[in-house]
Visitor: 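Sending over a structure as structure tokens; questions will come in a sec.
It should be emphasised that the depicted structure is a prediction, and the values quoted were computed from it without experimental measurement.
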Protein chains: 2
Amino acid sequence: MATIRDVSKIAGVSVATVSRTLSKPDKVSAKTRKIVNAAILETNYKPDILARNFRTRKSSTIVVLVPDIANPFFSRVIRGIEQTAQSLDYAVLLGDTQGDRGRESTYANMVNTSQADGIIQLDSHNPFENNSNVPIVNVCDCIRGTDMPTIELDNAAAARKMTDYLISQGHKNIAIITGTLDSTITQDRLSGYKEALKNASIKFNPNNINVGDYSFLSGMSATRMLMKYQAPPTAIFCMNDEMAIGAIKQAKLMGLKIPDDISIAGFDNISFAEYCDPPLTTISQPAEEFGSKAMSMLYRVINQDGAIKKNTFLDFELIIRNSTGRNSHD
Amino acid sequence: MATIRDVSKIAGVSVATVSRTLSKPDKVSAKTRKIVNAAILETNYKPDILARNFRTRKSSTIVVLVPDIANPFFSRVIRGIEQTAQSLDYAVLLGDTQGDRGRESTYANMVNTSQADGIIQLDSHNPFENNSNVPIVNVCDCIRGTDMPTIELDNAAAARKMTDYLISQGHKNIAIITGTLDSTITQDRLSGYKEALKNASIKFNPNNINVGDYSFLSGMSATRMLMKYQAPPTAIFCMNDEMAIGAIKQAKLMGLKIPDDISIAGFDNISFAEYCDPPLTTISQPAEEFGSKAMSMLYRVINQDGAIKKNTFLDFELIIRNSTGRNSHD
DNA sequence: AATTAAAATGTAATTGATTACATTTTTAAG
DNA sequence: CTTAAAAATGTAATCAATTACATTTTAATT
């Protein structure tokens with residue numbers, strides 16, 4: 001593999017000139033530039049990025065910490081990250097943590113060893129105990145009370161909107177299947193749900209809260225439990241679409257008609273939401289935009305370029321499909 | 001940030017000894033090791049991986065070229081890659097190509113600039129025109145006639161098995177919705193399908209082949225077309241689950257009962273396959289194993305460690321669910 | 001105690017690009 | 001044609017680790 005020295009020898013110029021031809025061509029005369037470029041072509045020279053990164057102390061690489069890459073919502077966020085990273089000439093290192101804090105901190109430490117310039121965290125957890133000054137952006141599930149910039153949804157408002165809608169359809173006995181309780185998303189959505197009930201003067205029933213873990217199976221089992229109550233809910237709001245799809249399956253297994261016997265709503269609007277039967281009422285989140293906004297923000301943090309907005313909120317949309325309908329009970 | 005020199009000064013030993021304490025501790029006396037480790041702790045020294053990579057000419061990073069990270073099958077494969085990479089101390093750079101050859105080759109060239117040590121390609125395309133000697137492994141959708149090691153399914157056998165099964169259910173008029181025609185997977189599955197028909201002495205009807213692109217929508221539109229024939233198929237075999245789910249939706253829209261009026265089968269066994277209505281008959285592929293086998297293989301190629309098996313075939317399984325059933329026509 | 005082998009440690013070169021600073025060349029102005 | 005300023009180019013240090021090779025120390029054997 002040819003080095004910058006080989007090129008400089010062939011071109012008859014110094015290595016500095018070759019380097020400049022590549023990085024700041026306007027500092028090099030047109031004539032020299034031509035000669036150097038010819039030499040680069042001749043030697044098939046490709047700058048050694050490892051050497052460059054070493055010298056410049058930048059890796060042009062960022063790490064994405066994601067609880068599970070196979071989650072369809074996260075994979076869309078990552079697609080957004082990746083696309084923006086490409087346009088900014090950053091490479092994306094995948095850090096699938098599977099919720100393991102050890103793995104998370106291993107990946108996070110890549111920044112300390114200059115393997116990466118920054119971190120995008122998709123989980124509501126700070127990978128650094130003591131607030132370090134590592135460039136980091138928190139997306140989707142964001143922690144409260146840290147100084148990380150966040151890109152998030154107004155989850156309380158979204159949950160309120162969904163609950164309001166269900167109430168508007170005549171539902172009073174509305175259950176909710178939550179995500180894991182330690183996540184900010186869960187807490188916010190839960191408080192939005194409660195708020196909506198309160199505004200409608202519906203008494204909040206603690207039995208109507210069922211804790212899930214974002215999986216199909218937890219959606220199923222929660223639904224099984226809920227529907228065994230003497231007064232089962234007439235609507236179930238799930239904090240993601242997978243649980244809602246699980247809930248639909250369980251409801252059908254129990255011989256219930258959707259939405260006639262029970263309305264079921266999700267959250268995320270993953271691509272399958274449109275294709276399940278009945279199609280799922282849900283909250284649409286701009287997954288790719290989350291990713292691309294997070295990447296742009298991280299870029300600004302890393303390069304101290306432009307204003308850093310502490311908390312960015314993206315828009316959601318209530319998507320009404322056929323898994324929900326008017327309360328036909330009472 | 002402390003360097004190895006700071007540590008050596010504090011410990012009162014040479015940098016070589018510090019380096020050895022970290023990389024080959026058995027070459028260092030217990031006494032010295034203790035002193036050095038204390039100094040490392042004291043200085044909070046973290047080896048500069050950039051410098052190490054530069055010196056050793058290895059990045060301990062591999063690139064995954066994937067047509068679309070948001071595809072649920074691919075994201076599982078990547079999860080497998082990532083997990084094995086972690087255990088082998090490799091980092092995974094994400095190369096979402098969106099089918100763009102330009103992007104693909106940009107990523108592939110990261111190996112030439114020593115940003116990565118090898119490549120895992122999930123698409124049936126060689127990112128290097130002239131067979132270079134870059135470490136690369138081809139997974140899932142593998143090209144014929146190159147010297148890349150492959151990890152693949154016997155796609156022809158799998159399609160044959162599915163078709164055999166449909167035939168065993170009394171179906172004779174079996175349509176197939178393919179993936180993009182330039183992919184090896186499509187070609188192999190198509191030939192398996194034809195073979196099965198031939199073995200059963202069923203005349204192959206070219207109209208029963210409909211080209212899709214692995215998307216829900218193409219599954220829908222192909223189904224719409226197929227079902228307009230005077231003698232519409234009694235079974236549709238889709239080359240992935242998304243298209244099958246699209247086909248199910250379309251069939252329902254047309255008022256058809258599944259599987260009574262039409263049997264629909266998919267391929268991949270993505271997690272949603274179990275949760276659609278009716279649950280999807282499909283071929284299960286070991287997605288994570290694809291990933292982990294590919295990573296192990298790439299490791300061996302990079303480190304010239306152990307035998308390189310040219311083509312590795314993983315097992316598939318026919319999963320019979322309720323989207324297919326006996327032919328109730330004729 | 002002398003000799004030898006083995007183990008431990010140290011010295012200094014090396015990796016390939018970048019860049020501060022020095023030097024040369026070109027351009028413009030008088 | 002000078003001269004000064006600006007532009008272009010060159011020289012050589014630098015980044016932080018690894019490691020070949022040299023040297024010193026320790027252990028083992030006689």
Visitor: So does A:Asp305 get a backbone contact from the side chain of A:Asn303, meaning a donor-acceptor N/O pair under 3.5 Å?
Guide: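 It does not hold such a pair.
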Visitor: Are any side-chain N or O atoms of B:Asp117 and backbone N or O atoms of B:Ser59, one a donor and one an acceptor, separated by less than 3.5 Å?
Guide: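 Pair found, side chain donor or acceptor close to backbone of B:Ser59.
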Visitor: Would a distance-only check, ignoring hydrogens and angles, find a side-chain to backbone donor-acceptor pair under 3.5 Å from B:Asn109 to B:Thr106?
Guide: no
Visitor: Within this structure, what is the NZ-to-C1' distance between A:Lys9 and C:dG16, rounded to whole angstrom?
Guide: 13 Å
Visitor: For residues A:Ser124 and A:Asp182, report the shortest heavy-atom separation together with the two atoms involved.
Guide: OG-O, 3.8 Å
Visitor: NA contact type, B:Asp26, heavy-atom cut-off 4.0 Å: base, sugar-phosphate, or nothing?
Guide: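 The residue B:Asp26 makes sugar-phosphate contact but no base contact.
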Visitor: Pick one: which of B:Leu22, B:Val7, B:Val18 meets side chain to side chain contact (heavy atoms under 4.5 Å, CB included) with B:Pro47?
Guide: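 One option only clears the test, and that one is B:Leu22.
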Visitor: Among residues 109-117 of chain B, which contact DNA chain C at a heavy-atom distance under 4.0 Å?
Guide: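 Nucleic-acid contacts, sorted: none.
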Visitor: Parallel, tilted or perpendicular: which one describes the rings of B:Tyr299 and B:Tyr90, with boundaries at 30° and 60°?
Guide: perpendicular
Visitor: For A:Leu50 and C:dT14, what is the distance between atoms CG and C1' respectively, to the nearest whole Å?
Guide: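 Distance check: A:Leu50 CG to C:dT14 C1' gives 15 Å.
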Visitor: Walk along nucleotides 16-24 of chain D from 5' to 3' and tag each nucleotide B, S or - by protein heavy-atom contact under 4.0 Å, base first, then sugar-phosphate.
Guide: BBBB-----
Visitor: Does the side chain of B:Tyr45 come within less than 4.5 Å of B:Ile4's, by heavy atoms?
Guide: yes
Visitor: Answer whether the closest heavy-atom distance between the side chains of A:Leu65 and A:Asp123 falls below 4.5 Å.
Guide: no
